[in-house]
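The structure appears below as structure tokens.
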Amino acid sequence: MCVHTVENKKKLIARVRRIRGQLEAVERALEGEAGCSEVLQTVTSARGALNGLVGELIEGHIRTHVIDGERATAPQREAAEELVQIIRAYVK
């Protein structure tokens, strides 16, 4: 069990449902023979939403499992924060 996913369960499920809706929009666009740019834009939106979810999950994992917030030293907390910022930029 992951504490950070359990604590944020409602929020994470809401994000997954929005992503599902975006993927369904991609399917509708393809079935409706929408133009390439419209399909690509819809896929890009879905990908961005999925990347955001991945970033949030990784951040929670780092903060919960990689470092022990109560026992971590200042340099460890700083390094973890730097890693979180790098991941946020990467999945953006």
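Applying the ring-ring contact (aromatic ring centres under 6.0 Å, His included) test to residues at least two apart or on different chains, none of the pairs has a partner in residues 13-45. Screening residues 26-56 for ring-ring contact (aromatic ring centres under 6.0 Å, His included) gives no qualifying pairs among residues at least two apart or on separate chains. Sorted by first then second residue, the ring-ring contact (aromatic ring centres under 6.0 Å, His included) pairs that include residues 7-61, not counting sequence neighbours, are His61-His65.
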Side-chain donor-acceptor distances from residues 73-92 under 3.5 Å, at least two apart:
from	atom 1	to	atom 2	distance (Å)
Thr73	OG1	Gln76	N	3.2
Thr73	OG1	Gln76	OE1	3.3
Gln76	OE1	Thr73	N	2.7
Arg77	NH1	Ala72	O	2.3
Glu81	OE1	Arg63	NH1	3.1
Glu81	OE1	Arg63	NH2	2.8
Glu81	OE2	Gln85	NE2	2.8
Arg88	NE	Glu59	OE1	3.2
Arg88	NH2	Glu59	OE1	3.0
Arg88	NH2	Glu59	OE2	2.8

Hey, can you pull the donor-acceptor pairs under 3.5 Å for the side chains in residues 34-44, sequence neighbours left out?
from	atom 1	to	atom 2	distance (Å)
Thr42	OG1	Glu38	O	2.8
Thr44	OG1	Leu40	O	2.7

Residues 9-25, side-chain donor-acceptor partners within the protein, below 3.5 Å, at least two apart:
from	atom 1	to	atom 2	distance (Å)
Arg15	NH1	Glu56	OE1	2.2
Arg15	NH2	Gly52	O	3.4

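Here the straight-line distance linking atom CG of Leu57 with atom CD1 of Ile62 works out to 11.0 Å at 0.5 Å rounding.
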